[in-house]
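Keep in mind that this is a model prediction, so the values were computed, not measured. Chain A is the first sequence line, chain B the second, and so forth, proteins listed ahead of strands; every chain is numbered from 1.
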Number of protein chains: 2
Amino acid sequence: MFSKSCEYGLRAVIFIAEQSTLQTKVGLKTIASAINSPEAFTAKILQILTRNNIVTSIKGPYGGFMIEEYRLKEITLSEIVQILDGDKIYTGCGLGLKQCDDKSPCPLHFKFIEIRNNLKKMLEENTLHDILFTDTEKNVFWLKT
Amino acid sequence: MFSKSCEYGLRAVIFIAEQSTLQTKVGLKTIASAINSPEAFTAKILQILTRNNIVTSIKGPYGGFMIEEYRLKEITLSEIVQILDGDKIYTGCGLGLKQCDDKSPCPLHFKFIEIRNNLKKMLEENTLHDILFTDTEKNVFWLKT
DNA sequence: CTAATAAAGGATAAAAAGATCCTTTTATAT
DNA sequence: ATATAAAAGGATCTTTTTATCCTTTATTAG
Ligand code: FES
Ligand code: FES
């Protein structure tokens with residue numbers, strides 16, 4: 001569904017968000033080890049997310065990554081996916097045709113866009129805050145993998 | 001959503017199916033040009049689909065690819081996707097974690113599997129026959145891209 | 001039987017995605 | 001000021017995906 005970059009990115013952001021609610025800034029090593037991702041590659045992804053104002057980075061000793069409290073209710077999963085994977089997933093044809101619209105639908109079009117739009121809706125409707133506080137178990141259990 | 005192989009594969013199969021309902025066998029060149037895909041690459045994909053009994057191939061002069069009439073109501077989109085892209089799309093975690101089940105859900109799990117299951121359901125419910133004869137316009141208009 | 005045609009399959013190449021390494025910049029504590 | 005810690009960024013490498021080329025195998029018409 002998502003690229004590896006996007007998967008790591010989402011995991012990293014959720015982890016940083018989690019720690020930010022605890023007023024804790026986290027460094028690259030901590031993040032990579034927590035979400036089980038390659039360190040240098042994760043660094044690249046965090047650079048992109050920093051440039052796009054999803055996370056805030058602080059250089060130097062005692063530096064690290066964090067997300068401002070007020071941003072947690074603004075940032076949606078959709079934005080993160082959009083930044084890392086582009087919007088092919090939101091607008092692209094299921095069969096890979098260049099055009100995808102109701103005027104020139106491929107044989108899968110109407111069935112496919114229903115799924116695609118549900119995905120889009122789900123990602124747009126969920127902010128980081130939602131993800132953190134709708135987690136049924138309310139823990140960091142998922143980090144174990 | 002799907003890999004390029006899978007996109008070409010689905011397009012090829014739908015095209016062959018369409019032609020098969022007209023009792024027409026089609027060759028590689030015709031297929032690749034109709035669905036706008038690279039010829040040699042399409043050949044590889046058709047080999048896989050032949051090995052997996054989705055399409056029937058006939059070698060030699062007057063040869064080509066076809067799908068038996070009775071198979072049109074048996075073959076689902078799901079099978080084709082499964083053959084070409086595996087089942088990561090049906091069972092994989094949205095965040096790329098190794099395990100995905102209700103017992104150790106990631107923060108996206110319950111929202112994600114809903115989408116994933118809808119996609120799976122849609123692909124499983126639609127046979128080639130369905131795709132060909134539910135096409136609102138009932139033409140090959142979509143081939144133009 | 002032979003020539004021609006078309007798919008199968010092996011080998012290779014190109015492009016993209018995933019991943020690593022090393023140097024530079026910025027900030028902090030002492 | 002200096003040493004140190006951490007992110008930023010450039011260069012490079014690896015793996016996977018996408019794509020091409022060429023040889024082999026099977027089939028058919030004449
Ligand atoms: S045209 Fe193919 S999904 Fe819209
Ligand atoms: S565990 Fe992540 S989607 Fe199921």
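Atom CZ in B:Phe2 sits roughly 16 Å away from atom P in D:dT17 (whole-Å rounding). As rounded to whole Å, 17 Å separates atom P of D:dT23 from atom NZ of B:Lys59. Between B:Ile45 atom CD1 and D:dT20 atom C1' the separation is 13 Å, expressed in whole Å. The interatomic distance linking B:Lys88 (NZ) with D:dT17 (P) rounds to 10 Å, in whole Å. If you measure from atom CE of B:Met66 to atom C1' of D:dT27, you get 16 Å, rounded to the nearest angstrom. Here D:dA3 presents its C1' atom at 14 Å from OH of A:Tyr62, a figure rounded to the nearest Å. In this structure, A:Lys29 places its NZ atom 8 Å from P of D:dA7, rounding to the nearest Å.
A:Tyr90 places no side-chain N or O within 3.5 Å of a backbone atom of A:Asn117 that could act as its donor or acceptor partner. Formation of a donor-acceptor pair under 3.5 Å by the B:Asn52 side chain with backbone atoms of B:Ile48 is found in this model.
In terms of the side chain to side chain contact (heavy atoms under 4.5 Å, CB included) criterion, residue partners of A:Thr24 (sequence neighbours excluded) are, by chain and number, A:Gln19, A:Leu22.
Defined by atom type and a distance below 3.5 Å, a donor-acceptor pair is missing between the side-chain atoms of A:Thr127 and A:Thr76.
Both B:Gln47 and A:Tyr8 lie close to DNA chain C; mapped to their nearest nucleotides by heavy-atom distance, the more 5′-ward contact belongs to B:Gln47. Taking the nucleotide of DNA chain C with the nearest heavy atom to each of A:Lys4 and B:Ala43, the more 5' of the two is matched to B:Ala43.
If you take CD1 on B:Ile113 and CG on B:Asp101, they are separated by 9.5 Å, rounding to the nearest 0.5 Å. Rounding to the nearest 0.5 Å gives a distance of 10.0 Å between CD1 of B:Ile83 and SG of B:Cys6.
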Can you list the steps and then say if B:Cys100 with B:Arg116 is a side-chain contact (heavy atoms from CB on, under 4.5 Å)? CA-CA 12 Å; B:Cys100 175; B:Arg116 203 186 60 188; 3.3 Å; yes
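Nucleotides of DNA chain C that come within less than 4.0 Å of any heavy atom of chain B span, from the 5' end to the 3' end, C:dA4 to C:dA11.
Between B:Lys88 and A:Glu7, at least one side-chain nitrogen of the basic residue sits less than 4.0 Å from a carboxylate oxygen of the acidic one, meeting the salt-bridge criterion.
Within the 4.0 angstrom heavy-atom criterion, base atoms lie near B:Phe41. Within 4.0 Å (heavy atoms only), B:Leu28 reaches sugar-phosphate atoms of the nucleic acid but no base atom.
The listed nucleotides are D:dA5, D:dT20, D:dA7; the one nearest the side chain of B:Lys44 is D:dT20.
Of the residues in residues 50-58 of chain A, not one places a heavy atom less than 4.0 Å from an atom of DNA chain C.
Under the 4.5 Å side-chain contact rule for hydrophobic residues, B:Met1 and B:Met122 share a cluster.
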